[in-house]
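Counting begins at 1 with the first residue of the sequence. Numbering of ligands and ligand atoms starts at 1, following listing order. All values below were derived from every heavy atom in this structure, side-chain atoms included, with hydrogens, water molecules and symmetry-related copies excluded. These figures come from a predicted structure and were not determined experimentally.
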Amino acid sequence: MDGLTFVGSLPPARRRPAADLLFDAFQSKFAPLLGGRSHAVALFAACLHPDRAFVALRQGELVGLAGLHYAEKRFLEFPWPAVAAEYGLLAALPRALVLRFIGSPAVPGELSVDFLAVAEGWRGRGIGTRLLHEVFALARAEGLRAVRLDVVDTNPAARRLYERLGFSPTSTLRLPLLFRPAGFSALTTMVKPLS
Ligand SMILES: CC(C)(COP(=O)(O)OP(=O)(O)OC[C@H]1O[C@@H](n2cnc3c(N)ncnc32)[C@H](O)[C@@H]1OP(=O)(O)O)[C@@H](O)C(=O)NCCC(=O)NCCS
């Protein structure tokens, strides 16, 4: 596709656009926990690790993002001081507790895609597919044996995309009531073995 480049880390100037893209793509999941956009975006921008992203750029602008977790480091981590600085001590406490569950648990020898998001006007043009192919290549280069991700029960289109790319479901977690305001009730883990 014309003008698109795929890069194995988030350029420093795209930190804030990455936070915006995450919030836009996952607003229904994050808003009940993190409140309004400005708090959530500021927290994401403060907490992301640029070297755990694969991004799609068009003429330098961010149009797609895969947030990754491998080798004991993840794209988005929420250290207590950052959450407390954004929300104040009392309001930060319940948020910090729930934020501990965002993203996949570490699985040795595997790479997890914690987030996959394409800007709204750019969806359905193959960018998500290309990002995942770049992630597979990265995982192979890192000597990892599989790529995993989670998909919610309310996102059948994304699940179809993952199945087409060789992911298979391995387990489904029914979520506690605490997560219901985020609009989904089950999370299926899917794994693609790398040859
Ligand atoms: C899911 C997502 C990353 C796919 O990226 P993409 O660039 O649109 O994907 P591609 O163009 O490579 O592939 C299109 C496929 O993705 C599916 N898809 C999933 N959500 C879609 C959306 N909101 N818009 C368009 N296509 C979507 C399409 O149905 C299509 O599959 P199909 O041909 O079987 O119908 C992107 O649509 C997105 O950011 N969605 C919102 C965030 C999200 O749901 N992320 C995944 C969380 S598990």
Side-chain angles (χ1 to χ4, degrees), residues 1-8 10 14-34 37 40-41 43-45 48 52-59 61-70 74-76 98-99 101-105 107 110-139 146-175 179-192:
M1 194 186 298
D2 281 355
L4 278 175
T5 51
F6 291 80
V7 183
L10 181 69
R14 296 293 165 258
R15 211 177 168 94
R16 177 80 191 203
D20 277 317
L21 175 57
L22 276 182
F23 186 77
D24 288 338
F26 300 108
Q27 186 162 3
S28 61
K29 291 180 195 161
F30 282 127
L33 174 63
L34 298 179
R37 172 183 204 99
V41 168
L43 184 68
F44 293 159
L48 63 82
R52 285 296 181 269
F54 222 107
V55 301
L57 303 168
R58 186 162 188 279
Q59 294 169 352
E61 297 303 316
L62 185 73
V63 294
L65 163 75
L68 310 177
H69 179 193
Y70 64 96
R74 66 171 76 237
F75 177 61
L76 260 186
V98 179
L99 284 168
F101 295 98
I102 303 280
S104 55
V107 178
E110 296 191 1
L111 178 151
S112 292
V113 182
D114 280 353
F115 302 97
L116 182 69
V118 170
E120 204 168 345
W122 290 91
R123 291 178 192 162
R125 303 185 193 197
I127 295 174
T129 300
R130 282 184 66 184
L131 274 172
L132 285 171
H133 281 298
E134 297 285 356
V135 170
F136 302 155
L138 169 70
V147 174
R148 66 172 48 224
L149 45 74
D150 295 326
V151 62
V152 296
D153 53 349
T154 48
N155 201 348
R159 181 172 170 150
R160 268 200 316 276
L161 169 66
Y162 303 148
E163 283 170 346
R164 199 164 59 222
L165 290 175
F167 288 86
S168 305
T170 56
S171 61
T172 295
L173 178 69
R174 306 264 150 223
L175 292 164
F179 288 88
R180 295 292 159 84
F184 56 95
S185 57
L187 202 56
T188 295
T189 297
M190 303 186 79
V191 175
K192 176 187 168 74

To which protein heavy atom is [atom] closest, and what is the distance rounded to 0.1 Å?
| atom | value |
| --- | --- |
| atom 44 (O) of ligand 1 | N155 ND2, 2.8 Å |
| atom 37 (O) of ligand 1 | R123 CD, 3.3 Å |
| atom 4 (C) of ligand 1 | L161 CD2, 3.7 Å |
| atom 14 (C) of ligand 1 | G124 CA, 4.2 Å |
| atom 1 (C) of ligand 1 | A158 CB, 4.3 Å |

Show me which atoms of ligand 1 lie under 4.0 Å from any heavy atom of R160. 29 (O), 34 (O), 35 (O)

What are the atoms of ligand 1, with element, lying closer than 4.0 Å to any heavy atom of A117? 39 (O)

Any N/O of [X] closer than 3.5 Å to an N/O of ligand 1?
| X | value |
| --- | --- |
| G126 | yes |
| G128 | yes |
| T129 | yes |
| R164 | yes |

How far apart are the closest heavy atoms of [X] and [Y], and which atoms are they?
| X | Y | value |
| --- | --- | --- |
| F54 | L68 | N-CD1, 4.4 Å |
| R123 | V118 | NE-O, 2.7 Å |
| H69 | P105 | CE1-C, 4.0 Å |
| L33 | L99 | CD2-CD2, 3.7 Å |

In terms of the angle between their ring planes, are F23 and F44 parallel, tilted or perpendicular, with boundaries placed at 30° and 60°? tilted

Side-chain polar contacts of residues 153-162 - donor-acceptor pairs under 3.5 angstrom, sequence neighbours left out - could you list them?
residue, atom, partner, partner atom, Å
D153, OD1, S185, N, 3.3
D153, OD2, S185, N, 3.4
D153, OD2, S185, OG, 2.9
D153, OD2, A186, N, 3.4
N155, OD1, A158, N, 3.4
R159, NE, E163, OE2, 3.2

Flag: protein heavy atom within less than 4.0 Å of atom 17 (C) of ligand 1: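 At least one protein heavy atom is under 4.0 Å away.
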
Would you say atom 21 (C) of ligand 1 touches the protein, meaning some protein heavy atom is under 4.0 Å from it?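 So atom 21 (C) of ligand 1 lacks protein heavy-atom neighbours under 4.0 Å.
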
Is there a donor-acceptor contact under 3.5 Å from the side chain of R58 to the main chain of G3? no

Check whether any side-chain N or O of R74 sits under 3.5 Å from a backbone N or O of S104 as a donor-acceptor pair, and report yes or no. yes

Using the side chain to side chain donor-acceptor pair (under 3.5 Å) rule, pick out the option among D150, T170, T172 that qualifies with T189. D150

Is the closest heavy-atom distance from L149 to ligand 1 below 4.0 Å? no

Looking only at heavy atoms of F26, does any of them come nearer than 4.0 Å to an atom of ligand 1? yes

